[in-house]
Each structure stands twice: as structure tokens, then as C-alpha cells.
Number of protein chains: 2
Amino acid sequence: MSLRDDILVESRDMLIKQGFGKVSMRKIAKKVNVSATSIYLHFKNKDDLLLALVESSIEKLSDALKDQMVSSDDPVAKLEKMANSFLKFAIENPQEYEIIYMVRHEEMPKYPKEKFEQIRKIYEMLAEIIREGQENKLFQVEDPLMSAYTLWAQLHGVASVVISKRLDTRIPSGEFMSQAKNHIIQGFITQKTPV
Amino acid sequence: MSLRDDILVESRDMLIKQGFGKVSMRKIAKKVNVSATSIYLHFKNKDDLLLALVESSIEKLSDALKDQMVSSDDPVAKLEKMANSFLKFAIENPQEYEIIYMVRHEEMPKYPKEKFEQIRKIYEMLAEIIREGQENKLFQVEDPLMSAYTLWAQLHGVASVVISKRLDTRIPSGEFMSQAKNHIIQGFITQKTPV
DNA sequence: AATATAACTTAACGCTGTTAACCATGCTTT
DNA sequence: AAAGCATGGTTAACAGCGTTAAGTTATATT
């Protein structure tokens, strides 16, 4: 395994175990038995290294979601599965999930957009499900792609409140997420306005 | 005005203008014409200072939402107004909004819970609206307080994706938010399952 | 054999949060 | 009035940070 890979492995481990604030170039270097400056031979700077971690976390999430897509269920069930595995991934890999949202896109205009191609593909996938539901008159949406983004944003909000422990102690997080998921899906479903 | 207040004013200003990463004790000190260590006479440490900022940002948001509560509209309209002003606040005061979500609760178990009383009150307020709608059979929810949390979480997800510029460039953020708001509210409304 | 390139090092710069020790001022108690 | 003490400030210093510049050493190419 190359030094570059060692750095990635160790820094991811450090990020997951100790959190974002405690990761430093010097500590990573010590872990892989190399001088701190050596890292700069493989990564432009700290941000660049972190971005590499973001990328691979996105890939993990992407894989977790894709696995759910093999089924030939109806769109509602598909969406539900997606929502489930999204939340499951976030809760089971909280640090991994947080890595994805760690770096602000605006702070890295220098980085090639292709790096985020993967995440765009997930959105397209969601949009496809929604489009299918729209055609079957199951979902009531204006623009499937936009709805894919709102769906994800809603799910992210739910995941993030749980992960960052902002939930009221009176509320069990499992029920919260399942309840939230229902509300979110419900929000897309076609309905006759109540009397 | 006391030095403590000066520090708060300047550090808030710095936080809003330059962002979280660029705020340092020394820079704040320079701005208020005092040595860096003097800040420690008024705040335990940097986290403590930031928490004071969080508190007052929460109060601002809380005020913005409370202002919407005077009306005697029906629950649906009320919820819509709340959602609108929540998103409006977030978009118009992005840095202020981010301050609220900056500090992780788990990282500050030392701080008194009463500090977050204000935010809890907002939740109770939302829960009250939802409870009202529930009794009028307008909303279909299990637990109004839990639903208040899911509502907020979803709104936060939407606000956060816009603020941190994660939205696809093809999607106009105004429409995105309005669309998302509709989905979110829709998710609470009682409905007859479609045929 | 000479040279280029790659992978690494040490030393240093200018930041950072935070602590320790010190000093002046003004209030309280003797 | 003298002594003591709390308050609000100071400077100096520590350890750690990201990053750069310059130097070294080994390997591959010509």
C-alpha cells in the first residue's frame, strides 16, 4: 500500500474516532511514521486531503443507496427504501456521514466538479423514482429533480438533528426517524384535499 | 457598554463577516483594543464565548418566529407562516443562522441546559399549533411534540442545503425552498389515501 | 558515469488557544 | 490612616497548528 493510501486510511480513522477538530497534519504524520511535510507530497494541503475523504464517504453512501435499487417495487416503496437506507447509513456511520457535510462547497471552488459527480448521480436516481411515481399519478410534484433535492434535504435535516444530539431527551430517536420518514414520504404523495 | 459586551459585539461581527474559521481570540482582542488574555476574564474560553453568541442568535430566531404567532389563522396557515419565517430568517441571516448550529450540544455537557430553554419554547409553540390542527382533524400526527421536531429538522435540512451552497446550480433556490416548504407542510396534512 | 526525478527530511515562520505571573486601581475592614 | 483584598487589566511564555523553503538521499533514465 502506498503512503498516500496509508495517509488516507489513518486520517479517516482519526476523523472517525476523534472528530474533525482534532485531526492535524502532524498527528496524521506521526501515525504513519513520516514527517508532517511528507503529506504535502501527496496532497496539496489539508483541505485537499479532507476532500479525498469526503469523496470516498460519498461513494460509500452512494453504494449503500444503490444496493436498494435492484428491486422492482412500486415508486412509493422504492422511495421508502431509499429513505430508510439513507437514515440507516447516517445513523450507523455518523462520522462517515458527517464527513460528507463537513466541507463547504463554496470554500472549494478550485476543486473540479467531477468529484461530486457521484452525488449528482444519486440525485438523478432519486429524481427517476419520483418521475416514475409522477407518471403513475402516485406523487404530486412539480419538478422531479427539484423534489429529489428537497427529499434529500429533508432527510439530511432529520439525520443531522439525531447525529448532532439536538433531539429532545424526551424523544426516542428511533421513533423520531421513523415518524419523520413517514411525514416526508407523505409530503410527496398525491392526495385529495381533506373536506 | 461593558468590555464583555464589546467583545460580544465585535466577535459576532467578525463571525458574521469573516466566518467561523477566521475568528480568533487575538483578533477579537485587537478589535476591542485589549490584550487577548483579557477576554478570559469575561469568558471561560473560546467555546464559552461562542456559546454566548449562540444564545443570542437563538433569541433572534425565536423573536422572528414569535412575531408570526399573533395571528388567529387556522393551524395550516399558522404552520405555513412559521415555515416561511424560519426559512426567511435562515436565508436573510445565514451566518447568524449557522451560529445556532455551530456548536454541538454533546461537546458542551458542562453548560447549563437552561441556556437552551428558549429553543425548547419554540418547539412547544410549534407543538401547540400541531396539536390544535390535530384536534381539528387537519393534521395527521402521532405525537405533536415529536412532529414539531421533525418539522424543524426538515426545515433545517432545507435551509442548510441552501446556505451551504449545496444546491444544484440548475435549481433556483427560491423555488426550491417554496417547493420544499409545500412538501413539508403537505406531509402533515390529513389525507385520504389515493385510489 | 552523469543527471534528473521522486520521496523524504529538518528548520523555520507566523499563526492559534490558553496559562502563569505580575501590576495597578479602588473598596472594605481593622 | 493602614492593611488587605477583589477586580480588571498587562506581558511572557508554552505547546500545538498549517505551511513553506531548503537540503538530502535513493532510484531511474540517458
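Proteins come first, then strands; the chains are lettered A, B, ... in the order of their sequence lines, and each starts at number 1. All values reported here derive from a predicted model rather than from experimental measurement.
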Taking 4.0 angstrom as the limit, do [X] and [Y] come out as a salt bridge?
| X | Y | answer |
| --- | --- | --- |
| B:R131 | B:E128 | yes |
| B:R12 | B:E96 | yes |
| B:K60 | B:E92 | no |

Could you tell me the separation between the [atom1] atom of [X] and the [atom2] atom of [N], rounded to a whole number of Å?
| X | N | atom1 | atom2 | answer |
| --- | --- | --- | --- | --- |
| A:K46 | D:dT20 | NZ | P | 14 Å |
| B:D5 | D:dG8 | CG | P | 13 Å |
| A:M25 | D:dC17 | CE | P | 11 Å |
| B:L49 | C:dT18 | CG | C1' | 14 Å |
| B:F43 | C:dG17 | CZ | C1' | 16 Å |
| A:D47 | D:dT19 | CG | C1' | 13 Å |
| A:R26 | C:dG14 | CZ | P | 15 Å |
| A:I28 | D:dG18 | CD1 | P | 8 Å |

Next item on the list: Just say parallel, tilted or perpendicular for the rings of A:Y97 and A:H156, cut-offs at 30° and 60°.
Entry: tilted
Next item on the list: Indicate the ring-plane relationship of B:H183 and A:F188, choosing parallel, tilted or perpendicular according to the 30° and 60° boundaries.
Entry: parallel
Notebook entry, point to check: Looking at the side chain of B:V34, which of C:dT16, D:dG18, D:dG9 is the nearest nucleotide?
Noted result: D:dG9
Margin query: Nearest to the B:Y40 side chain among C:dT10, C:dG17, C:dC8, which nucleotide is it?
Written below: C:dG17
Check: So what does B:K27 hit on the nucleic acid, given a heavy-atom distance under 4.0 Å: a base, only sugar-phosphate, or nothing?
Finding: sugar-phosphate
Note to self: With a 4.0 Å cutoff (strictly under), does any side-chain N or O of A:S24 reach OP1 or OP2 of D:dC17?
What the structure shows: yes
Check: If only side-chain N and O atoms of A:H42 are considered, is one of them under 4.0 Å from the OP1 or OP2 phosphate oxygen of C:dC8?
Finding: yes
Notebook entry, point to check: Do B:T37 and D:dT11 share a donor-acceptor pair, side chain to base, under 3.5 Å?
Noted result: yes
Item checked: Side-chain-base donor-acceptor pair under 3.5 Å for A:S38 and C:dT9 -> no
